[in-house]
Protein chains: 2
Amino acid sequence: MTGFADIQDPLSLERQVCFALSVASRNVIAVYRPLLEPMGLTHPQYLVMLALWEHAPLAVKDLSRMLQLDPGTLSPLLKRLEAAGLVRRERDPEDERALAVVLTEAGRDLRSDAKRIPPAIVARLGMGLDELQHLHESLMRVIAAANAANNGHAPHDPAPTGVRTR
Amino acid sequence: MTGFADIQDPLSLERQVCFALSVASRNVIAVYRPLLEPMGLTHPQYLVMLALWEHAPLAVKDLSRMLQLDPGTLSPLLKRLEAAGLVRRERDPEDERALAVVLTEAGRDLRSDAKRIPPAIVARLGMGLDELQHLHESLMRVIAAANAANNGHAPHDPAPTGVRTR
DNA sequence: CACAAATGATTTGTGCACCAACTAATCGCT
DNA sequence: AGCGATTAGTTGGTGCACAAATCATTTGTG
């Protein structure tokens, strides 16, 4: 290893869990990139497609809750998916405010290509499934802890309405 | 809130380690935000300052290697830090191509404020130090695996031309 | 029914992240 | 010394992420 840091310093770069978290996230996404690029998807778009393959039709607020992403982030992303011909953004007839994001034929078809991605990632990473599973559990715990630290809500979700006012 | 997904489906959103990784990264950064904002720093800027507090002066390529960030990302970020009066971007007299990013008085002074951040984060997360340490080790392994999968280099680092120095 | 509050989505602004193309300085080689 | 290749950094383009402001629709309450 590099050892460029005083290992006792609490401000040492190497000791910051959050630094490791961002680097891990960015670099693992970089492993996905060459696999997603031929499908014409970015990683966040891939996550949206995963949610839709399981649960379409979905409103923006559903996607926002599932992916823990701001609606303001999803709105242009969904327009790009529509421009790519993978989804259609319709109005929910029950509630004209809400969007009903549905898959097109091409969007559904893409799922068979996507099936090859998870095993390819695992193979490229060359890590044991048990270790990945274990990492996943640790991440779920830190996600829960972070959400609790943010007053029990994800960053884009201002406040759980029922909690404070009576 | 439990299984909205078929737990057997390899394309299930819940099973994607990379999804957990991005959400964890974003949401933990959100825990930092209210602490960094009064210091006038974003999280990436905080990481740059950490590196500088330990090792200034640094060139862009040093920061790029340490933080595993693209020089094209660092360039405008450093200009914002300079505009905030925390660093100066000088030329290395030894090599006029290279930048020597140095701390200003204000930049050095900020370090005492920053010392309060790591314990505050740990307190807010409410997780045990041992579990955080364990997560850190898992993340280091996945970072190494991801870099190996990307042909032995971080995304911004096109190719390992020679033997790395240090 | 009227109308204020709440909700769902979009827009705008700032900043991060990656990539490709470019400029300038240095190095390598003959 | 000359000159091509390499290296350091910047710039421009696309897309993600968050916050705040805005707009339309729906809901709640008198």
Side-chain angles (χ1 to χ4, degrees), chain A residues 22-23 25-27 29-30 32-34 36-37 40-48 58-65 67-81 83-84 89-101 150 153-159 161-162 165, chain B residues 22-23 25-27 29-30 32-34 36-37 40-48 58-65 67-81 83-84 89-101 150 153-159 161-162 165:
Chain A
S22 4
V23 173
S25 177
R26 283 190 285 109
N27 291 14
I29 287 176
Y32 278 75
R33 217 184 311 280
L36 290 176
E37 202 231 27
L41 291 179
T42 65
H43 182 73
Q45 290 168 5
Y46 169 66
L47 296 180
V48 168
L58 287 173
V60 171
K61 83 164 156 47
D62 301 323
L63 288 167
S64 172
R65 179 176 35 81
L67 306 179
Q68 307 208 27
L69 272 177
D70 194 294
T73 298
L74 288 169
S75 201
L77 188 153
L78 290 169
K79 288 186 180 174
R80 282 186 284 269
L81 285 182
R89 294 158 58 254
E90 301 170 350
R91 285 287 151 184
D92 181 353
E94 304 287 307
D95 184 344
E96 290 287 331
R97 292 171 303 184
L99 217 58
V101 181
N150 291 315
H153 59 81
H156 64 281
D157 189 14
T161 58
T165 150
Chain B
S22 356
V23 173
S25 178
R26 282 189 285 108
N27 290 13
I29 287 176
Y32 278 75
R33 216 184 312 279
L36 291 175
E37 202 229 30
L41 291 178
T42 65
H43 182 72
Q45 291 169 4
Y46 170 67
L47 296 179
V48 168
L58 287 173
V60 171
K61 83 163 155 48
D62 301 323
L63 288 166
S64 172
R65 177 175 38 78
L67 305 179
Q68 307 209 26
L69 273 177
D70 193 293
T73 299
L74 287 168
S75 202
L77 188 153
L78 290 169
K79 287 185 181 174
R80 282 186 285 268
L81 285 181
R89 293 159 58 253
E90 300 170 351
R91 284 288 151 184
D92 181 352
E94 304 287 306
D95 184 344
E96 290 287 332
R97 293 172 302 184
L99 219 57
V101 181
N150 291 315
H153 58 79
H156 65 281
D157 189 15
T161 57
T165 58

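Chain letters run A, B, ... following the sequence lines, proteins first, then strands; residues in each count from 1.
The distance between atom CZ of B:R65 and atom C1' of D:dG9, rounded to the nearest whole Å, is 16 Å. Straight-line distance from the CG atom of A:L69 to the C1' atom of C:dT10: 16 Å, rounded to whole Å. Straight-line distance from the NZ atom of B:K61 to the P atom of D:dT6: 18 Å, rounded to whole Å. In this structure, A:R33 atom CZ and D:dG15 atom P are separated by 13 Å, rounded to whole Å. Taking atom CG on A:L36 and atom P on D:dT14, their separation rounds to 20 Å, with Å as the unit. At whole-Å resolution of the value, CD in A:E90 and C1' in C:dG8 are 17 Å apart. When rounded to the nearest whole Å, the span between CG of A:L77 and P of D:dA17 equals 8 Å. What separates CD of A:E37 from P of C:dC19 is a distance of 10 Å, to the nearest Å.
The closest side-chain heavy-atom distance from B:V101 to B:L81 is not below 4.5 Å. Taking 4.5 Å as the limit, every side-chain heavy atom of A:I29 sits out of range of all side-chain heavy atoms of A:T42. For the pair B:V48 and B:L69, the minimum side-chain heavy-atom distance is 4.5 Å or more.
Closest contact between the side chain of B:R26 and the listed nucleotides C:dG15, C:dC18, D:dC18 involves D:dC18.
Under the 30°/60° scheme for interplanar angles, the aromatic rings of B:Y32 and B:H43 are found to stand perpendicular.
A donor-acceptor pair under 3.5 Å is absent between the side-chain atoms of B:S64 and the main chain of B:D70, judged by distance alone.
With sequence neighbours left out, B:R91 forms a side-chain hydrogen bond (donor to acceptor under 3.5 Å, both in side chains) with no residue at all. Residues meeting the side-chain hydrogen bond (donor to acceptor under 3.5 Å, both in side chains) test with A:D95, sequence neighbours left out: A:R97. Considering only residues two or more places apart in sequence or on other chains, B:E96 meets the side-chain hydrogen bond (donor to acceptor under 3.5 Å, both in side chains) condition with none of them.
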Distances under 3.5 Å only, N/O to N/O: pair up the protein atoms with those of nucleotides 10-12 of chain D.
| residue | atom | partner | partner atom | Å |
| --- | --- | --- | --- | --- |
| D:dT10 | OP1 | B:R89 | NH2 | 2.6 |
| D:dT10 | OP2 | B:S75 | OG | 2.5 |
| D:dT10 | O5' | B:S75 | OG | 3.1 |
| D:dT11 | OP2 | B:K79 | NZ | 2.6 |

Using nucleotides 24-26 of chain D, report all nitrogen or oxygen pairs with the protein that are shorter than 3.5 Å.
| residue | atom | partner | partner atom | Å |
| --- | --- | --- | --- | --- |
| D:dT25 | O2 | A:R97 | NH1 | 3.3 |
| D:dT26 | OP1 | A:E96 | N | 3.0 |

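Partner assigned to C:dA4 is D:dT27, using Watson-Crick or G-U wobble distances below 3.5 angstrom.
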Original post:
After noting the C-alpha distance and the side-chain angles of B:N150 and A:R33, does the key distance pass the side chain to side chain contact (heavy atoms under 4.5 Å, CB included) rule?
Top reply: CA-CA 10 Å; B:N150 291 315; A:R33 217 184 311 280; over 6 Å; no
